[in-house]
**Student:** 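Handing you this structure, nothing more for now.
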2 protein chains.
Amino acid sequence: MVRTTRQRTAVAAIFDDLEGFHSAQEVHARLRAAGDSVGLSTVYRAVQALAEDGELDSIRTDAGEALYRRCSTRHHHHLVCRSCGRTVEVAGPAVERWADRTAEEHGFADVSHTLEIFGTCAECRAAGATVGPDGIVP
Amino acid sequence: MVRTTRQRTAVAAIFDDLEGFHSAQEVHARLRAAGDSVGLSTVYRAVQALAEDGELDSIRTDAGEALYRRCSTRHHHHLVCRSCGRTVEVAGPAVERWADRTAEEHGFADVSHTLEIFGTCAECRAAGATVGPDGIVP
DNA sequence: CCCGCATATGAGAACCGTTGTCGAACGAGG
DNA sequence: CCTCGTTCGACAACGGTTCTCATATGCGGG
């Protein structure tokens, strides 16, 4: 049986006030900062439980860190600046349809997908960030 | 300057004999088993270098482990079975164009993207893998 | 309203993939 | 060959995540 505890409620509440993706560690820090301290293990358990219940969406960074966010009803993706990290939410219904259709054509069901777009934003280019051909910032 | 050493050659060679995605640790174990021992750090460095040179493709599992495989020259994405890990390469020129155009509309340059599609393949469904709404296999 | 007990918590350790360190080995151009 | 900068590799360190286990606490039944 699943219990509704102070801690679980607190973790869920954090995501109500937050846009975008956040790590378990960040949630833990925010709770601690708010004086509503919750153990780190508990935060991990809570975000995992929420993700399993479909209340949170999760992605993994290149560094292998898991990030979560409130699952918005509208599905969208992220356009991320490699240099300053600024994020723009973009929606692409065509991409969704393409992904679902492609998967079904190969006999796959329960289809989901992850899509992230990376680039250098106008401001960072203007600021003279020299970027190599591989997008590596020296 | 980049040197061609026994170790780098050995790592690259491993991927010639292998289909699909494999972890650095697995490569290390295979080399060791073949008697052609290479240090673990070296394997990590080698796969990273190969990935940067575009010779290997990399993805990250849900568990945060990095997997690599020989990359075909054509840009493509992966359709991965959540249950058995089988991968299918899929190409979607429309998606590429959409991603580039969307990024440019927001003033981003040097655009790249990552896209992975997950689902349950026909065989795994037939094998009776009961899959929850979130794709969690019990 | 209270009990019993299964479930949840939390501090810390363990875990595991990955990355850093540094002296030794080695490849390539001279 | 020789020299020198690159690479190797054993090992330690790191960071995110998961496990452990004693303790605390919802919650349904009495």
Side-chain angles (χ1 to χ4, degrees), chain A residues 1-15 20-53 55-69 85 114 136-137, chain B residues 1-15 20-53 55-69 80 85 114 116 134 136-138:
Chain A
M1 162 193 313
V2 172
R3 281 184 206 164
T4 57
T5 63
R6 175 182 69 81
Q7 291 88 342
R8 287 228 235 273
T9 308
V11 170
I14 280 281
F15 284 96
F21 286 96
H22 304 275
S23 67
Q25 310 246 3
E26 185 186 337
V27 170
H28 178 242
R30 280 175 187 273
L31 286 168
R32 175 149 301 200
D36 192 3
S37 192
V38 174
L40 180 57
S41 315
T42 303
V43 172
Y44 273 102
R45 282 188 289 241
V47 293
Q48 281 169 139
L50 288 167
E52 275 182 25
D53 290 355
E55 300 224 11
L56 296 181
D57 242 19
S58 73
I59 60 171
R60 223 166 241 281
T61 64
D62 275 1
E65 192 180 22
L67 303 181
Y68 301 85
R69 71 159 171 192
T114 64
I136 312 241
V137 178
Chain B
M1 161 190 317
V2 173
R3 280 185 207 162
T4 57
T5 62
R6 175 182 69 81
Q7 291 87 342
R8 288 232 237 273
T9 308
V11 170
I14 280 282
F15 284 97
F21 287 96
H22 304 274
S23 67
Q25 310 246 3
E26 185 186 338
V27 171
H28 178 242
R30 278 174 188 273
L31 287 168
R32 176 148 302 199
D36 193 2
S37 192
V38 173
L40 181 56
S41 314
T42 303
V43 173
Y44 273 103
R45 281 188 291 243
V47 291
Q48 281 170 138
L50 288 166
E52 273 179 29
D53 291 356
E55 300 225 11
L56 295 181
D57 238 21
S58 73
I59 61 172
R60 224 167 242 279
T61 64
D62 276 1
E65 193 180 21
L67 303 181
Y68 301 85
R69 78 159 166 189
V80 185
T114 65
E116 309 289 334
D134 302 301
I136 313 269
V137 178

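Residue numbers start from 1 in every chain, and the chains themselves are labelled A, B, ... in the order their sequence lines are given, proteins ahead of strands.
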**Student:** Could you state the NE2-C1' distance from B:H28 to C:dC16, rounded to the nearest angstrom?
**Tutor:** 15 Å
**Student:** Could you tell me the separation between the OH atom of B:Y68 and the P atom of C:dG17, rounded to a whole number of Å?
**Tutor:** 13 Å
**Student:** So which atom in A:A24 and which in A:V47 form the shortest heavy-atom distance, rounded to 0.1 Å?
**Tutor:** CB-CG2, 4.3 Å
**Student:** Could you go through the side-chain contact (heavy atoms from CB on, under 4.5 Å) check for A:H22 and A:I14 one step at a time?
**Tutor:** CA-CA 10 Å; A:H22 304 275; A:I14 280 281; over 6 Å; no
**Student:** Give a yes or no on whether the backbone of A:V38 and the side-chain of A:H28 come within a donor-acceptor separation of less than 3.5 Å.
**Tutor:** yes
**Student:** Once you apply a heavy-atom cut-off of 4.0 Å, does A:A66 come out as touching a base, just sugar-phosphate, or nothing?
**Tutor:** sugar-phosphate
**Student:** Can you name the residues that form a ring-ring contact (aromatic ring centres under 6.0 Å, His included) with A:F21, not counting sequence neighbours?
**Tutor:** A:H78
**Student:** Name the nucleic acid region contacted by A:T4, choosing base, sugar-phosphate or nothing; use a 4.0 angstrom heavy-atom cut-off, strictly under.
**Tutor:** sugar-phosphate
**Student:** Just how far, in rounded Å, is P of C:dT21 from OH of B:Y44?
**Tutor:** 18 Å
**Student:** How would you label the contact of B:Q48 with the nucleic acid (heavy atoms, under 4.0 Å): base, sugar-phosphate, or nothing?
**Tutor:** sugar-phosphate
**Student:** Enter the distance from A:E65:CD to A:Q25:CD here, rounded to the nearest 0.5 Å.
**Tutor:** 7.0 Å
**Student:** Going by the side chain to side chain contact (heavy atoms under 4.5 Å, CB included) test, name the single residue among A:I59, A:L56, A:V11 that passes it with A:Y68.
**Tutor:** A:L56
**Student:** If the sugar-phosphate is the primed atoms plus P, OP1 and OP2 and the base is the rest, what is the B/S/- string for nucleotides 4-14 of chain C, using protein heavy atoms under 4.0 Å?
**Tutor:** --BBSBBBB--
**Student:** Which two nucleotides bound the region of DNA chain D that has atoms under 4.0 Å from heavy atoms of chain B, read 5' to 3'?
**Tutor:** D:dG5 to D:dC11
**Student:** Can you tell me how far the CG atom of B:D36 sits from the CZ atom of B:R6, to the nearest 0.5 Å?
**Tutor:** 5.0 Å
**Student:** Is it the case that atom CG in B:D53 sees more than 12 heavy atoms from other parts of the structure closer than 6.0 Å?
**Tutor:** yes
